Amino acid sequence: MTTVLTPASPLTAADRCDRCGAQAYLRVVLASGGELLFCAHHGRKFEPELKKIAVEIQDESGRLTTTTATAADDDER
């Protein structure tokens with residue numbers, strides 16, 4: 001997929017997949033001017049078709065593998 005390196009607006013928890021309603025991690029900008037939002041699962045599933053119609057694909061699915069500190073981590077100090 002084509003990835004936008006500096007997205008104008010990052011996807012947030014309020015952005016939902018147009019297919020299933022899960023949190024969106026991909027924004028697909030269409031040549032027609034519209035946009036579609038997909039969860040990582042549906043983004044991968046529809047990747048071949050999306051590449052044909054997309055002007056840009058903002059892929060933030062890498063955030064799914066990023067770990068963050070938790071309260072349990074803080075308690076161990």
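Quick caveat: nothing in here was measured; it's all calculated off a predicted structure.
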task = Look at atom CZ of Arg19 and say whether more than 12 heavy atoms of other residues, nucleotides or ligands are closer to it than 6.0 Å.
result = no

key: Between OH on residue Tyr25 and CG on residue Leu64, distance to nearest 0.5 Å   = 4.5 Å

inquiry  = Is there a continuous path of hydrophobic side-chain contacts, each under 4.5 Å between heavy atoms, that joins Phe46 to Leu26?
reply    = yes

ask   = Distance from Leu30 atom CG to Ile57 atom CD1, nearest 0.5 Å?
value = 9.5 Å

Just distance, no hydrogens or angles: give the donor-acceptor pairs under 3.5 Å from side chains in residues 32-43, sequence neighbours left out.
residue : atom : partner : partner atom : Å
Glu35   : OE1  : Arg27   : NE           : 3.3

message = I need the minimum non-hydrogen distance between Gln58 and Glu60, along with the two atoms involved.
response = NE2-OE2, 2.5 Å

note = Here the pair of heavy atoms bringing Asp15 nearest to Pro10 is OD2-O, 4.2 Å

